[in-house]
There are 2 protein chains.
Amino acid sequence: MEELDGVDVAKDKRSIEIVLDPGSGIPYYRQIILQIEMAVADGRLKPGYQLPTVRGLAVELQVNPNTVARAYNELEIRGLVSTQHGTGTFISDKEIALSDADREQILSQLVRGFVSQAASYGFTVQDLVDYLIAYHEEGEK
Amino acid sequence: MEELDGVDVAKDKRSIEIVLDPGSGIPYYRQIILQIEMAVADGRLKPGYQLPTVRGLAVELQVNPNTVARAYNELEIRGLVSTQHGTGTFISDKEIALSDADREQILSQLVRGFVSQAASYGFTVQDLVDYLIAYHEEGEK
DNA sequence: ATTGGTGTATCATATCACTAATACACTGGT
DNA sequence: ACCAGTGTATTAGTGATATGATACACCAAT
């Protein structure tokens, strides 16, 4: 916590901005999850970074510590973060947290749900493939 | 209900087999929705076909008529079926129920949600495209 | 108009999801 | 050992969700 040579030590702790929208109909704990997911996905949070403490974030968001804890807990189950009791909650390397078989299973389940949902709107799998490819190329430019 | 000349009249009414799994954790009304969605998606139910009546299906599934009605109601909101009070519930042409622009918008939203969700598990869009294509080819054989 | 079919509306109830209050348990530096 | 910081567990209250009981309303054929 000191600066030996005038250079700030990397604290691996970034303040991530989390905002709750009470009128969204989305539960608080889920809003927290989503925003952390996003931050990880787009690189704002990197492996090793410490998340705000349960209490700290709870005060900031004017919410019960349990609500934050629940979000963190669910993120840990998914392997996105790793918590040390008494120390804090940190972003983990998601890639290696799950076995390939697990990832395969999850992906399968996600796709199945997606296809089913889209089918109810009359979309075929071919539609989805086409659109997704377009979406992919879109994101690259 | 009679056969004048020995030929069954086309009734536009097919008995679609719906099965409820009490242990799946999926609500009955949702299971009904899903199975009808699937049947429409793969062509077992075509526009104009009449669905089982609310009461009939309720008795068959040993469930309250309200539960079936709820499923049908939700399907109507999505435009997948059309109900005539006092007459019955029928598959509608979903394809033309929505404008192309609406469909595009919905598809976009679905894909966005799917990609976001998958991203939280560390999957890239490329992963999704690959898997979806595999899934598609799988379904064709 | 009556009747037997259809979907609909209202209310009750059991269960679950979400959040909070509060107390507990672990960790690291002093 | 202490203490200030961290996450955790238990319990309870509120609201939403899912289902059912029951009565109502519409339609078509007679």
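Note on naming: letters A, B, ... go to the chains in the order of the sequence lines (proteins, then strands), and numbering restarts at 1 for each one. The basis for the numbers below is simple: all heavy atoms, side chains too, and nothing from hydrogens, waters or symmetry mates.
- Checking the phosphate oxygens (OP1, OP2) of dT6(C), a side-chain nitrogen or oxygen of Thr53(B) falls inside 4.0 Å.
- Applying the salt bridge (charged side-chain N to carboxylate O under 4.0 Å, His left out) test to Arg30(B) and every residue at least two apart in sequence or in another chain returns Glu74(B).
- For the pair Asn64(A) and dT19(C), the criterion of a side-chain N or O lying under 4.0 Å from OP1 or OP2 is not met.
- Within 6.0 Å of CD in Gln105(A) there are 12 or fewer heavy atoms belonging to other residues, nucleotides or ligands.
- Under 4.0 angstrom from either OP1 or OP2 of dG20(D) there lies at least one side-chain N or O belonging to Thr67(B).
- For the pair Leu61(A) CG and dT19(C) P, the interatomic distance rounds to 12 Å; values are reported in whole Å.
- Atom CD1 of Ile106(A) is separated from atom CG of Leu110(A) by 7.5 Å, given to the nearest 0.5 angstrom.
- Remark: Asn66(A) is not in phosphate contact with dA20(C), judged by side-chain N or O atoms under 4.0 Å from OP1 or OP2.
- The nearest heavy atom of DNA chain C to Pro65(A) and to Arg30(A) marks one nucleotide each, and the one closer to the 5' end goes with Arg30(A).
- In this model, the phosphate group of dC26(D) is not approached by any side-chain N or O of Thr83(B) to a distance below 4.0 Å at OP1 or OP2.
- Closest approach of Tyr29(A) to Thr67(A), counting heavy atoms only: CB-O, 3.7 Å.
- When each of Gly86(A) and Glu76(A) is assigned the nucleotide of DNA chain D with its nearest heavy atom, Gly86(A) is the one assigned upstream, toward the 5' end.
- Regarding Gln62(A), its CD atom lies at a distance of 15 Å from the C1' atom of dT19(C), rounded to whole Å.
- Following rounding to the nearest Å, Glu74(A) (CD) and dT19(C) (P) show an atom-to-atom distance of 11 Å.
- Tyr28(B) has no side-chain polar atom (N or O) that falls below the 4.0 Å cut-off from OP1 or OP2 of dT19(D).
- Distance, Leu57(A) CG to dT19(C) P: 13 Å, rounded to whole Å.
- Side-chain N or O atoms of Asp127(A) include one that pairs as donor or acceptor with a backbone N or O of Thr124(A) at under 3.5 Å.
- Straight-line distance from the CD1 atom of Ile26(B) to the C1' atom of dT19(D): 16 Å, rounded to whole Å.
- Rounding to whole angstrom units, CD1 of residue Ile32(A) and P of dG7(D) are separated by 12 Å.
- Atoms CG (Leu75(A)) and C1' (dT8(D)) sit 16 Å apart, rounded to a whole Å.
- Comparing dA25(C), dC27(D), dG7(C) by their nearest atom to the side chain of His85(B) picks out dG7(C).
- The phosphate of dA18(D) (OP1 or OP2) has a side-chain N or O of Arg70(B) nearer than 4.0 angstrom.
- If Tyr29(A) and Asn73(B) are placed on DNA chain C by their nearest nucleotide, the residue sitting closer to the 5' end is Asn73(B).
- Residue Arg55(B) places a side-chain atom within donor-acceptor reach of the base of dG7(C), judged by atom type and a 3.5 Å distance cut-off alone.
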